[in-house]
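Values below: every heavy atom of this structure, side chains too, minus hydrogens, waters and symmetry copies. Below, read A as the first sequence line, B as the second, and so on, with proteins coming before strands; counting in each chain starts at 1.
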Amino acid sequence: MTTIDNGVNVKALLDAREVLKGAPEAAQFTWRASSKWEKGVRSTTTIEKFFGLGQEQTHKNETTFSSDHPEVFAAEDQGITPIEYLLVGLAGCLTAGVASVAQNRGIQLRSVESTVEGNHDIRGILGADSDVRNGYNDIKVTFNIDADASKEEIEALVAQSQKRSAVYDALTNPTSVTVEVA
Amino acid sequence: MERFTTVVVGAGHAGLAASHFLTARSIDHVVLERGEVANSWRRERWDSLRLLTPNWLSRLPGFAYAGPDPDGYMTSGEVAGFIADFAAVSGAPVRGHSAVTSVRRSDDGYLVSAGGGDVSCRSVVLASGACNVPVVPALSGFIPPEVRQLTPFDYRGPASVEGDKRVLVVGASATGVQIAAELQRSGRQVTLAVGEHVRMPRLHHGKDVLWWMDASGVWDQSYQEVDDLDRARRLPSPQLVGTPSRDTLDLNTLTGLGVELVGRLATVRDGIALFSGGLRNVCSLADLKMKRLLAGFDQWGGVAEKTDIEPTRVPANARWKLDLGSGEISTIIWATGFRPDYSWLDVPVVDEKGRLRHEGGVVDSPGLYALGLPVLRRRRSTFISGIEDDARAVVGHLAAELGVDAPAAASQTG
């Protein structure tokens, strides 16, 4: 096999899989975000620390995200809409999956682009129609991939990426969510 | 106490194959059977079930199908008859109605407690089957009481389902697709919850798809060569059915019959079943894997002619919830797999997921062996025709441990 490099350290991932098979407690991660109301419908969320491999971990840098709503929602639009962050998460997760699976299968990628569209009937959140849900009705992801592979191999990359995606799973399957007042 | 060199637990095809090779090596043994020979084929199958493998693949040591229809598929009753004939021909020392209640270590081997009394022995072959208990997910505990829940063991045919309301079948492997098709044809409206599955056409270029598996060598792959053995051993049965007309039974067939497809049953919340939104991807995965499998067959066979199989038709807007308390459905059938029962095995060789720890049938306790489990020694092990090589190898190991020399007749085939 010729050496290909998508910049993914697959060996480390495969090693981790073997180690964690016998150490499920080390595989328990907790991702954390801290949020603060700014003004109106705008808030700021920072992410820096998480827990995993049995101890506290810190990202190299703290990242700050602004959430707001667009002017058509009568807001100031100083950040993206919270529901758009779900699209960011889904695209980021599936793209990482495509790169990892391609690396593992010896497929050299040249470019991976995608568009993610979520269809949303906002009558739900406005309370205008109780039969309409609050969240997305459906989401469509379209990948454009240039790689040294057949069309079917590329389709298989994308399918496998969905199969192992955390965000895809979180969006397609129900998750128990607890919201409390401290 | 009665003593044998070897005790075989279970008189199905696996236990009887073990007995065949033990006899060939003159190792004294008894085959303990909870009911009668081929018991599960007599009592734990729905009425219309036929083998997934064609008759010509029904091969046991020194014994093969010799009837007029090599391309047909045996009914459960015919399988039971076939195995019983093998037991008679091989003169297996079967002790029926002698359910094993405990196997535990003794000073020089094992102590086996059974309905007919305790037996001591130096070695034990576990051949009690891979499908003793239907697996029902924990979320079944959240199903409202007015919805009736059945397992494939409770299901004999459409008459097992009371009333004429919608039926939810959970699981789209061989069991689920067969039951869904049968119920839909009987006039019930069926909703089928589809997770990961294995799609296959019944025929490929006019030959049974399992002919290609057999002939191309796919089934000969050893357990040591399988990429992800854990996954291979857990792989659900392919979407196949054995019918005289040799029809394909995939999700498109079911859609054509009017079955409603929904995603994997993810959870039940407040009496509402929630299905995964990932239906499209599990269908894509199955389509891609099937294409790769068939392309591999064509490459092996040098077949240039292309087969054109329609991709799985996934409903544009599969529903993702079903109110179980609304009266829309009356019955849920759990076609969510089977597992072996080792509750009577008092030897610490079962892992935390209930699976036997073994290397190609040699269990992680001296003198203890297993036969008749999926991908035990090779992919073929999952099927009846895989038992001959497996039983020969496992009994060979057992005999070597006992220090019993192989008789000439057996060594030439070993």
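Applying the 6.0 Å contact sphere to CD of A/Q55 captures more than 12 heavy atoms from other residues, nucleotides or ligands. Around the CG atom of A/N119, the shell of radius 6.0 Å holds more than 12 heavy atoms that belong to other residues, nucleotides or ligands. Within a 6.0 Å radius of CD in A/E117, other residues, nucleotides and ligands contribute 12 heavy atoms or fewer. B/F142 CZ: 12 or fewer foreign heavy atoms inside a 6.0 Å radius. Few gaps surround CG on B/D228; more than 12 heavy atoms of other groups in view lie less than 6.0 Å from it. The number of heavy atoms from other shown groups lying within 6.0 Å of CG (A/D129) is above 12.
Taking each heavy atom of A/A159 and B/N281 in turn, the nearest pair found is O-ND2, 3.1 Å.
Using a cutoff of 4.0 Å between basic side-chain nitrogens and carboxylate oxygens, B/R292 and A/E152 are not scored as salt-bridged.
One finds the CG atom of A/N137 at 8.5 Å from the CH2 atom of B/W320 (value rounded to the nearest 0.5 Å). Remark: A/T172 OG1 to B/L274 CG distance equals 12.0 Å, nearest 0.5 Å.
Of the atoms belonging to B/R280, not a single heavy atom falls under 4.5 Å from chain A. Contacts between A/S165 and chain B at a heavy-atom distance below 4.5 Å are absent for every atom of the residue.
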Task: Intermediate values then yes/no, side-chain contact (heavy atoms from CB on, under 4.5 Å), B/L285 and A/Q160 - done: CA-CA 7 Å; B/L285 283 164; A/Q160 186 66 19; 4.1 Å; yes
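Within the 4.5 Å cutoff, the side chain of A/P174 has heavy atoms near those of the B/R269 side chain.
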